[in-house]
2 protein chains.
Amino acid sequence: MEPVSANHVKALRRFNRYFTRRIGVLDDHYLGQDRPLGEARLLFEIGPDGASLRELRGRLGLDAGYLSRMIRALEAQGLVRVSVHPTDSRLRMAELTSAGLVEVKEQNRRANGLAEGLLSGLDTRQRDELTTAVAVAERLLRLAAITVELVDGASRDARDCLAAYAADIDERFPEGFDPAALVQPHEASGDSGAFLIAYEEGRPVGCGVLRRIEPGVGEIRHVWVHPAARRLGLARRILLGLERQAVERGYEAVRLDTHAALTEAQAMYRACGYTEIPRYDENVYAAHWFEKRLPHTSD
Amino acid sequence: MEPVSANHVKALRRFNRYFTRRIGVLDDHYLGQDRPLGEARLLFEIGPDGASLRELRGRLGLDAGYLSRMIRALEAQGLVRVSVHPTDSRLRMAELTSAGLVEVKEQNRRANGLAEGLLSGLDTRQRDELTTAVAVAERLLRLAAITVELVDGASRDARDCLAAYAADIDERFPEGFDPAALVQPHEASGDSGAFLIAYEEGRPVGCGVLRRIEPGVGEIRHVWVHPAARRLGLARRILLGLERQAVERGYEAVRLDTHAALTEAQAMYRACGYTEIPRYDENVYAAHWFEKRLPHTSD
DNA sequence: TATTTTCTTTGACTAAAGTCAAAGAAATAT
DNA sequence: ATATTTCTTTGACTTTAGTCAAAGAAAATA
């Protein structure tokens, strides 16, 4: 990893200072209006679709007790309704009442007004320029914040990721997808396998599995990225991470197969140095097979 | 002014939410460390050069009483030294002691570490991309936040601007500049003249003057932008604002002259539709003379 | 099935942040 | 020179924000 240049640091900090002290503060002020900022944020975060207390706690970084009391206060004001989660009765779900919804809509109206006021000082071309610049910045900041970690293939997060992966491709494959075709946890750990998860702010947003298929040859499977984290270049990062794991485990090559429907994936594999090879497995979902020779371990 | 597109608003709000909730919060946390955030911010804002309480109050948006007490607390901790302003003894100046400086340096170290940590998740090319994007965003956000206002030519801000202008060009003209050559307040107001000031966050960062030189002809003078607000495109905005004032006052043309040293200014005038004309005044500092014909008032 | 872990609530606090008004000293404006 | 405005301090409060530990109920894991 290249050392970070002082100029890059300076530019980012400068922007950070400017943005948080000016826009951020203004925004908070508008969001809050007649209400403590904490409550206003909480209402906003519950949003029209509701959310579990667990999620709210995570997203806003609040103490459990503090959150519990704030929710109670909002409930007493008739803005929020709390119910037990349908499938996990430890969890409680918070939803906005109609009065709560009205208030959140008003928050949104004000915040939009703020953004409009800001943009109205620019001409159309400058507005486009600004929109593009913030989109680029957001994409890169998100990507920078996502970490790819090696986890136990049997862990909760790993299982959740595979379940999400299976559900996702079950929708995308015309013939559906049978979860029995997933790799087993024991294959994805230890000396011969690996399970990588990409985390964004504590939540898994992607995964990938390495397993052994024959001596000296690994197989990469189930590379998946959560819809909310697509188009950031994350799949490529996971793929590179799995290759590194394969090198560490002494593999000379990795293979993978892919479904005919996943054309973007195929393009990525080629761009990452994979070459198409003949069928090497019996996977009924596969239409293309790839291989990449790996460098030897340096250590 | 064109209406603001919903997509632009959405993009800006989305970024705002992401940035303030993620980076902003992190930054505060790092800045604070063992110290209440308010105090930490105050120390940071005083900075190595010191600042008057008045300025700090404005920049941080604090209540006067609250600030006074916080400053006293920092003084008691040996981090800040307070003295009376040399020329205006209503004002008090806060400066960091050496212990305060050490603490601010430590804050900076931590904040740099945060930015470095962020950037280290990107490759060099992505870092460049991010740096460019945030620079563009900052420039446009600043520009959007600057308002150009018509003020009384005799007001405090107007006089301060002209003084700053005079000091600035006195440095830039090889022969210096005599403030007696400035327009008089009464020329820059009422039916025949105008004084525009560009304000950024309440502080004047630029100005421009319109006065009458003969029937139907106005003259634009003293278009100036504070060094900290240059390269934003502000001079052009002031110039356009003055032309609008001239149209409102029924002028058919505006003229202006410029010093040989100010080549960028000449380029801007040409780009804004001015054409060079023969000498029309006795201004000893002028080397080029320009004119622009104005459209008639529509109302 | 027994044990852990997860999630929420409650009690008992503390610290930080902020508000408002009165008053005095200096500078500016008229 | 008088009136007005600006700047800061002080007193007297209120709200918000946050912390920590204990405990009970469900779910997940071994």
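Here the P atom of nucleotide dT9(D) and the CE atom of Met93(B) are 13 Å apart, to the nearest Å. In this entry the distance linking CZ of Arg156(A) with P of dT6(C) reads 10 Å, nearest Å. With rounding to whole Å, Glu55(A) atom CD is found 11 Å from dC7(C) atom P. Summarising the geometry, the separation between CG on Leu37(A) and C1' on dG18(C) is reported as 13 Å, rounded to the nearest angstrom. In this structure, Leu56(B) atom CG and dC7(D) atom C1' are separated by 13 Å, rounded to whole Å. Per the geometry, CZ belonging to Arg35(B) stands 14 Å off C1' belonging to dA15(C), to the nearest Å. Look at CZ on Arg41(B): it is 14 Å from P on dA16(C), rounded to the nearest Å. Separating the CG atom of Asp160(A) from the C1' atom of dT6(C) is a distance of 14 Å, rounded to the nearest angstrom.
Side-chain contact between Leu56(B) and Leu42(B) is present, with heavy atoms from C-beta onward closer than 4.5 Å.
A salt bridge between Arg81(A) and Glu75(A) is absent, with no side-chain N of the basic residue lying under 4.0 Å from a carboxylate O of the acidic one. Salt bridge present: Glu55(B) and Arg59(B) bring a charged side-chain N and a carboxylate O closer than 4.0 Å. Ionic pairing of Arg212(B) and Glu219(B) is not present here: no N-O contact between side-chain nitrogen and carboxylate oxygen is shorter than 4.0 angstrom. Residues Glu106(B) and Arg110(B) are paired through a salt bridge, judged by an N-O separation under 4.0 Å between the basic side chain and the carboxylate. Between Asp191(A) and Arg211(A) there is no salt bridge, since no side-chain N of the basic residue sits under 4.0 Å from a carboxylate O of the acidic one.
In the model, Gln77(A) has a side-chain atom that pairs as donor or acceptor with a side-chain atom of Arg35(A) under 3.5 Å.
Taking a 6.0 Å sphere around CZ of Arg237(A), one finds it holds more than 12 heavy atoms contributed by other residues, nucleotides or ligands. Heavy-atom contacts from other residues, nucleotides or ligands closer than 6.0 Å to CZ of Arg14(B) number 12 or fewer.
Near DNA chain D, meaning a heavy atom under 4.0 Å away, the residues from residues 57-81 of chain B are Arg57(B), Ala64(B), Gly65(B), Ser68(B), Arg69(B), Arg72(B).
For Ser89(B), the side-chain atoms get nearest to dA26(C) when compared with the rest of dA26(C), dA28(D), dT9(C).
Of the two residues near DNA chain D, Asp34(A) and Asp88(A), the one whose nearest nucleotide lies more 5' is Asp34(A).
Proximity of Arg159(B) to the phosphate of dA29(C): a side-chain N or O atom is located under 4.0 Å from OP1 or OP2.
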Show me the protein contacts with nucleotides 2-6 of chain D, counting only N or O atoms at under 3.5 Å.
{"unit_1": "dT6(D)", "atom_1": "O4'", "unit_2": "Arg90(B)", "atom_2": "NH1", "d": "3.4"}

